[in-house]
Amino acid sequence: QVQLVESGGGLVQPGGSLRLSCLVSGGTFSTYAVSWYRQTPGKERELVAEVSTRGGSTIYLDSVRGRFTISRDNGKNTVDLQMNSLKPEDTAVYYCYAAAVVTGLYTGTDYWGKGTPVTVSS
């Protein structure tokens, strides 16, 4: 019922920029904290960035802080990840993740997108 669809992945040169977008449908978007995760072969999935239900708070992986920006539009049910100054080590499949929040607490209900690949290479 709840679906997350990522878009915007692709091939980009080192130092370049890319914008990922996650469209959430079938649920109450404004109750979801939304995150971007990434995963490479042989490595565990890691949190890249997260934004709170109203967009007032964000967290970032140390290695992307200052280069990536997460934002949300609760009118469009979208979450974007603007990625600047991309490095080869940013290469991964990027996944959108939504977790339901009630009165500031996670409910245990969550959803994953299928992922979009990002390759940073010259």
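Just so you know, these numbers come straight off a predicted model, no measurement behind them.
Using a 4.0 Å cut-off between a side-chain N of Lys or Arg and a carboxylate O of Asp or Glu, R38 and E46 qualify as a salt bridge. A salt bridge between R72 and D80 is absent, with no side-chain N of the basic residue lying under 4.0 Å from a carboxylate O of the acidic one. Ionic pairing of R65 and D62 is present here: one or more N-O contacts between side-chain nitrogen and carboxylate oxygen are shorter than 4.0 angstrom.
The two residues S17 and S85 make their nearest non-hydrogen contact at OG-N, 4.3 Å. Of all heavy-atom pairs between S122 and P14, the closest is N-CD, 3.6 Å. Across G9 and L20, no two heavy atoms sit closer than the pair N-CD2, 3.6 Å. Residue F29 comes nearest to V79 through the heavy atom pair CZ-CG2, 3.6 Å, listed as atom of the first residue, atom of the second, then distance. Here the closest heavy-atom approach between residue N84 and residue Q82 is recorded as OD1-NE2, 3.0 Å. Contact record, A49 with L81: CB-CD1, 4.1 Å, taken as the closest heavy-atom pair.
Pairs engaging residues 48-99 under the disulfide bond (SG atoms under 2.5 Å apart) rule: C22-C96 [sequence neighbours left out].
Proximity of a side-chain donor or acceptor of T107 to a complementary backbone N or O of T109 within less than 3.5 Å is detected. With hydrogens and angles disregarded, no donor-acceptor distance shorter than 3.5 Å links the side chain of S35 to the backbone of E50. Panel note: side chain T91, backbone V120; a donor-acceptor pair is recorded below 3.5 Å.
The distance from the CG atom of N74 to the OG1 atom of T28 is 11.0 Å, given to the nearest 0.5 Å. The distance from atom CD of Q3 to atom CD of Q1, rounded to the nearest 0.5 Å, is 9.5 Å. Distance check: T69 OG1 to Y60 OH gives 4.5 Å after rounding to the nearest 0.5 Å. Summarising the geometry, atom OG belonging to S52 is positioned 9.5 Å from atom CD1 belonging to I70; distances are rounded to the nearest 0.5 Å.
Put simply, the side chain of W36 reaches to within 4.5 Å of the side chain of E6, judged on heavy atoms. Put simply, the side chain of Y94 does not reach to within 4.5 Å of the side chain of Q39, judged on heavy atoms. Side-chain contact between V12 and M83: absent, with no pair of heavy atoms (C-beta onward) separated by less than 4.5 Å. Contact of the V101 side chain with the T53 side chain is registered, since non-hydrogen atoms from C-beta on lie closer than 4.5 Å. Between L18 and D90 the shortest side-chain heavy-atom distance does not fall below 4.5 Å.
Criterion: ILVMFWY side-chain heavy atoms under 4.5 Å apart, direct or through other members. Under it, L23 and V93 are not part of a common hydrophobic cluster. L61 and Y95 fall into different hydrophobic clusters, where Ile, Leu, Val, Met, Phe, Trp and Tyr are joined by side-chain heavy atoms under 4.5 Å apart, directly or via other members.
Residue-environment remark: CD (E89) exceeds the threshold of 12 foreign heavy atoms within 6.0 Å.
Every residue meeting the ring-ring contact (aromatic ring centres under 6.0 Å, His included) condition with Y97, not counting sequence neighbours, appears here in chain and number order: Y37, W112. Listed by chain and number, the residues in a side chain to side chain donor-acceptor pair (under 3.5 Å) with Y32 amount to none (sequence neighbours excluded).
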